[in-house]
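Take a look at the structure below.
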Amino acid sequence: MSNPLISTSALSKDFIVRERGHKSVVSAVRDVSLEIAAGETLGVVGESGSGKSTLGRCILGLETATSGTVTFDGTTLTGLSSRELHGHQRDMQIIFQDPYSSLNPRRTALQQVMEPLEVLTDRRDMRARALEALDRVGISAAQAERLPRSFSGGQRQRIAIARAIVVRPRFIVCDEPVSALDMSIQAQVTELLQELQRDLGLTYMFISHDLSVVREIATRTAVMYRGQLVEVGPTAALFASPKHAYTHRLLDAVLVPEPAVARERLANFGASVRSALDIPAEAQLVEVEPGHWVREG
Ligand SMILES: Nc1ncnc2c1ncn2[C@@H]1O[C@H](COP(=O)(O)OP(=O)(O)OP(=O)(O)O)[C@@H](O)[C@H]1O
Ligand SMILES: [Mg+2]
């Protein structure tokens, strides 16, 4: 990739977990090197606990990587002071799964969308920008003065999206942005995200359990297993002809038409595959077709 917007090099994150006097290390992200081109959507899939959220959080600097680097538009972010990092953090935002816990129940939609703009001094300008962001996501000026409790789940997620775009970011980590919503609302919010991407020139890392959504919207897809990338490639090629045994099983198990069945299968998927699949620590990612990388073993 010639000029990726985001690139990570050998990014790793270990958590030290203390339990009943015992200390253990959880390697949540292991040696992840990837690139995300400006304007694309990188889908990230994998079973629960495979490190998807931790990877996104490390890229945003919300989590300090144990080793490796993150580069944003040519600037290496890892190792910057928090003040230096602050300047870049507006460029990078996150949308979480749960629109109920990500909003403050005591502040109106408008107040919450204005919050990230608070460094701008002109209040009128802040208000106008916040209203514009809300309008873009389908929340009118009249609705903007309401508290979160008077909105539906889908509308709350729209407010959370307005909060993310109001600072005019270039990159957004969407961490299961539609998973908590009713099925009927999921498609609308997914469409909104795609529309915003086109209109605002955004780049997404789109983390999802829902492989059918990833297949639909991701330019490229990365598959994680136990903190590692096992396969990454153009979405169409990866879904049509998965190369890694793990990707095969994941698609076979989960790509079924009924969402409820898919969800249940994915929930039980980790246990069924874990004992059967051991990837040697030294296995490398190999480029099997242009831009399609698969871990050996
Ligand atoms: N703050 C933390 N402290 C200790 N361990 C953590 C912490 N955050 C994540 N982990 C562990 O790191 C691993 C990866 O977690 P992560 O949340 O990144 O997975 P995920 O792929 O996003 O899972 P899910 O699909 O359930 O959201 C898990 O084993 C998890 O328990
Ligand atoms: Mg997660």
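We count ligands from 1, going down the list as the structure has it; atoms in each ligand are counted the same way. Just so we're clear, the structure is a prediction, and the values are computed from it rather than from any experiment.
The protein non-hydrogen atom at the shortest distance from atom 24 (P) of ligand 1 is S48 OG, 3.6 Å. The protein heavy atom nearest to atom 23 (O) of ligand 1 is G49 N, 2.8 Å. Scanning all protein heavy atoms for the shortest distance to atom 27 (O) of ligand 1 gives S53 OG, 4.0 Å. Among all protein heavy atoms, the one lying closest to atom 12 (O) of ligand 1 is A28 CB, 3.3 Å. Regarding atom 6 (C) of ligand 1, its nearest protein heavy-atom neighbour is F15 CD1, 3.3 Å. Atom 21 (O) of ligand 1 has K52 NZ, 2.8 Å as its closest protein atom, hydrogens excluded (heavy atom only).
Between G51 and ligand 1, a contact under 3.5 Å exists for at least one N or O pair. Inclusion of E176 in the set of residues having an N or O under 3.5 Å from an N or O of ligand 1 is not warranted.
Checking T54, V44, L55, V26 against atom 11 (C) of ligand 1, the nearest heavy atom belongs to V26.
For E289 and K243, the salt-bridge test passes: some basic side-chain N is under 4.0 Å from an acidic carboxylate O. The existence of a salt bridge linking E145 and R127 is confirmed by a sub-4.0 Å separation between a basic side-chain nitrogen and an acidic carboxylate oxygen. The residues E40 and R220 are annotated as salt-bridged, a charged nitrogen and a carboxylate oxygen being separated by less than 4.0 angstrom. Salt bridge annotation for R163-E115: present, with a cationic side-chain nitrogen under 4.0 angstrom from a carboxylate oxygen.
Ligand-side atoms of ligand 1 in range of H209: 25 (O), range being under 4.0 angstrom from any heavy atom. Each of the following atoms of ligand 1 lies closer than 4.0 Å to a heavy atom of S50: 19 (O), 21 (O).
There is a side-chain donor-acceptor pair under 3.5 Å between S53 and D175. Using a 3.5 Å distance cut-off with no hydrogens or angles, the side chains of S24 and E19 do not pair a donor with an acceptor. Side-chain contact check for D182 and S184: no donor-acceptor pair (N or O, by modelled atom type) lies under 3.5 Å. Checking S12 against D31 by side-chain atom types alone, no donor-acceptor pair falls below 3.5 Å. For the residue pair H209 / E176, a side-chain donor-acceptor distance below 3.5 Å is found, with atom types taken as modelled. When only modelled atom types and interatomic distance are considered, E84 and S81 share a side-chain donor-acceptor pair under 3.5 Å.
Distances from ligand 1 to the non-hydrogen atoms of M224 include no value under 4.0 Å. Not a single heavy atom of G46 sits less than 4.0 Å from an atom of ligand 1.
Distance check on atom 2 (C) of ligand 1: some protein heavy atom falls below the 4.0 Å cut-off. For atom 31 (O) of ligand 1, the nearest protein heavy atom is 4.0 Å or more away.
The Mg ion (ligand 2) has an N, O or S atom of S53 under 2.8 Å away, backbone or side chain.
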